[in-house]
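Written out below as structure tokens is the structure these notes cover.
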Amino acid sequence: MSSVFTKSNPFDNDSLIKEVKGLNLIKENLSKSNNNYLKIPDIINVNKSEIQMKKIQTSFASEDLIKKFAFGLAKLHEQKNKSYGLEYDNYIGLNPQKNIISDNWGKFFIEYRLAYQISLIKDTQIKQKFENFLDDNFKKIESLLIETTNYASLVHGDLWSGNVLFSKTAVYLIDPAVYYADREVDIAMTELFGGFNNSFYETYNSYLPLSKSYNTKKIIYNLYHYLNHYNLFGTSYLNGCLSSLKFINEKI
């Protein structure tokens with residue numbers, strides 16, 4: 001019998017059910033395009049308390065597997081969706097991730113990613129600082145994101161290195177926070193906490209080139225994750241939030 005990995009949830013919410021729903025959505029999209037480069041763990045059972053899935057025997061990520069991951073992600077991102085967002089709310093880590101269906105990527109990201117995280121800030125002075133920043137820069141950020149995003153893609157949504165598992169022969173995605181978005185939100189997230197080696201970025205970019213504005217957009221996109229980590233884990237992430245504000249104010 002295969003080994004089973006169990007992930008528990010001590011909170012009274014449906015985060016694990018939404019997690020599996022996200023994994024299944026990725027799996028459907030991989031299947032549609034015959035994308036055999038990426039895999040999703042086999043789910044055995046899920047309820048509010050726990051997920052049981054087939055355990056992945058992890059291994060060193062070879063250069064071939066890193067390139068396989070990059071190519072598979074590009075193939076996933078290549079699929080176009082007619083709108084942004086998602087039909088239901090899900091989670092980003094332990095925080096809710098609010099969603100609607102939208103035709104306006106810039107407005108969606110500002111209101112349902114940045115503004116929502118700002119609404120969770122408990123320190124009133126810091127919250128006011130970020131609210132003022134959004135008020136002052138809303139139109140500029142919205143225009144930049146609309147003008148440089150060609151279509152909506154299904155994104156993993158929380159694509160740091162800990163959510164990519166490598167066996168000896170395959171690449172698995174876990175713990176998603178899926179929605180339809182500018183594909184570059186995923187690439188930006190990979191750079192936030194360590195990232196992957198040059199082969200990953202070179203392979204991805206050779207198949208699906210990043211926009212000329214990517215280096216500015218990634219700061220905007222990763223501000224969402226800095227804010228989420230600040231709300232979840234405290235002041236050690238505040239400098240990342242403030243540095244992002246400074247960069248955005250100077251660049252747009």
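A heavy-atom distance below 4.5 Å is found between the side chains of Tyr180 and Leu25. Counting heavy atoms from C-beta outward, Cys241 and Phe130 have side chains that approach closer than 4.5 Å. Under the 4.5 Å side-chain criterion, counting only non-hydrogen atoms from C-beta, Gln117 is in contact with Asn95. Residues Phe69 and Leu173 have side chains in contact (heavy-atom distance under 4.5 Å, counting atoms from C-beta outward). The closest side-chain heavy-atom distance from Lys68 to Leu65 is below 4.5 Å. Thr148 places none of its side-chain heavy atoms less than 4.5 Å from the side chain of Tyr214. Looking at heavy atoms from C-beta onward, Leu145 lies in side-chain contact with Lys217 at the 4.5 angstrom threshold. Between Tyr151 and Ser153 there is a side-chain heavy-atom pair separated by less than 4.5 Å.
Across Ser244 and Leu223, no two heavy atoms sit closer than the pair CB-CD1, 3.9 Å. The two residues Glu184 and Ser211 have their closest heavy-atom pair at OE2-N, 2.6 Å. Across Lys54 and Ile44, no two heavy atoms sit closer than the pair N-CD1, 3.9 Å. Contact between Asn13 and Asn9 at its shortest, heavy atoms only, is OD1-ND2, 2.9 Å. Across all non-hydrogen atoms, the minimal contact from Asn137 to Ile252 is OD1-CD1, 4.1 Å. The two residues Ser8 and Pro10 come nearest to each other via the heavy atoms O-CD, 4.0 Å.
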Full working for side-chain hydrogen bond (donor to acceptor under 3.5 Å, both in side chains) between Asn104 and Glu142: CA-CA 9 Å; Asn104 184 324; Glu142 180 185 24; 2.9 Å; yes
Evaluation steps, side-chain contact (heavy atoms from CB on, under 4.5 Å), between Tyr112 and Leu86: CA-CA 11 Å; Tyr112 287 85; Leu86 200 64; over 6 Å; no
Test log, rule side-chain hydrogen bond (donor to acceptor under 3.5 Å, both in side chains), inputs Asn231 and Tyr237: CA-CA 9 Å; Asn231 283 321; Tyr237 289 96; over 6 Å; no
CA sep, side-chain torsions, deciding dist, call: Ile220, Leu144, side-chain contact (heavy atoms from CB on, under 4.5 Å): CA-CA 10 Å; Ile220 297 170; Leu144 173 66; 3.7 Å; yes
Pair Glu19-Val46, side-chain contact (heavy atoms from CB on, under 4.5 Å): steps then yes or no: CA-CA 10 Å; Glu19 181 178 326; Val46 61; over 6 Å; no
Worked check of side-chain contact (heavy atoms from CB on, under 4.5 Å) between Arg113 and Asn99: CA-CA 9 Å; Arg113 294 297 176 262; Asn99 292 300; 2.6 Å; yes
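Taken from OG in Ser143 to CZ in Phe138, the straight-line distance is 10.0 Å, to the nearest 0.5 Å. In this structure, Phe71 CZ and Thr203 OG1 are separated by 9.5 Å, a value rounded to the nearest 0.5 Å. Here the straight-line distance linking atom CZ of Phe196 with atom CH2 of Trp160 works out to 9.5 Å at 0.5 Å rounding. Rounding to the nearest 0.5 Å gives a distance of 11.0 Å between CZ of Phe193 and CG of Asn163. The distance from the CE atom of Met189 to the NZ atom of Lys218 is 14.0 Å, given to the nearest 0.5 Å. Considering CG of Asn205 and CG of Leu210, their distance stands at 4.5 Å, rounded to 0.5 Å.
Between the side chain of Lys48 and the main chain of Leu16, no donor-acceptor pair closer than 3.5 Å is present. Looking at Gln79, its side chain does come within 3.5 Å of a backbone N or O of Asn29 through a donor-acceptor pair. The closest donor-acceptor contact from the side chain of Ser167 to the backbone of Ala170 lies under 3.5 Å. A distance-only check finds no donor-acceptor pair linking the side chain of Asp14 to the backbone of Ile17 [under 3.5 Å]. Formation of a donor-acceptor pair under 3.5 Å by the Ser243 side chain with backbone atoms of Gly240 is not found in this model. Side-chain atoms of Asp158 never come within 3.5 Å of backbone atoms of Ile92 as a donor-acceptor pair (strictly under, hydrogens ignored).
Residue Lys139 qualifies as open at atom NZ: its count of foreign heavy atoms under 6.0 Å is 12 or below. Counting heavy atoms of neighbouring residues, nucleotides and ligands inside a 6.0 Å radius, atom CG of Asp12 does not exceed 12 of them.
Residues Asn228 and Gln97 have side chains that never bring a donor and an acceptor to within less than 3.5 angstrom of each other. For the 3.5 Å distance criterion, the side chains of His77 and Asp186 qualify, holding a donor opposite an acceptor. Glu78 and Ser33 form no side-chain donor-acceptor contact under 3.5 Å, judged by distance and modelled atom types alone. Side-chain contact of Glu28 with Asn24: a donor-acceptor pair under 3.5 Å is absent, judged by distance alone.
A chain of hydrophobic side-chain contacts below 4.5 Å, direct or via other Ile, Leu, Val, Met, Phe, Trp or Tyr residues, connects Tyr88 to Ile100. No continuous path of ILVMFWY side-chain contacts below 4.5 Å connects Tyr116 to Trp105, so the two sit in separate hydrophobic clusters. Follow the hydrophobic side-chain contacts under 4.5 Å out from Tyr172 and you never reach Leu73; the two are in separate clusters. If you chain together hydrophobic residues whose side chains sit under 4.5 Å apart, Leu120 and Ile126 never meet in one group. Note on Ile56 and Ile26: separate hydrophobic clusters, where clusters join Ile, Leu, Val, Met, Phe, Trp and Tyr whose side-chain heavy atoms are under 4.5 Å apart, directly or indirectly.
Geometrically, Lys75 does not engage Tyr37 in a cation-pi contact, judged by NZ or CZ lying under 6.0 Å from the ring centre and within 45° of the ring axis. Annotation: cation-pi geometry not satisfied between Arg183 and Tyr204 (NZ/CZ under 6.0 angstrom from ring centroid, within 45° of ring axis).
Ring pair Tyr224/Phe109 is perpendicular by interplanar angle, where above 60° counts as perpendicular and below 30° as parallel. Relative ring orientation between Phe108 and Tyr179 is described as tilted, the plane-to-plane angle lying within the 30° to 60° band.
For Glu250 and Lys246, the salt-bridge test passes: some basic side-chain N is under 4.0 Å from an acidic carboxylate O. For the pair Asp89 and Lys98, the salt-bridge criterion is met [side-chain N within less than 4.0 Å of a carboxylate O].
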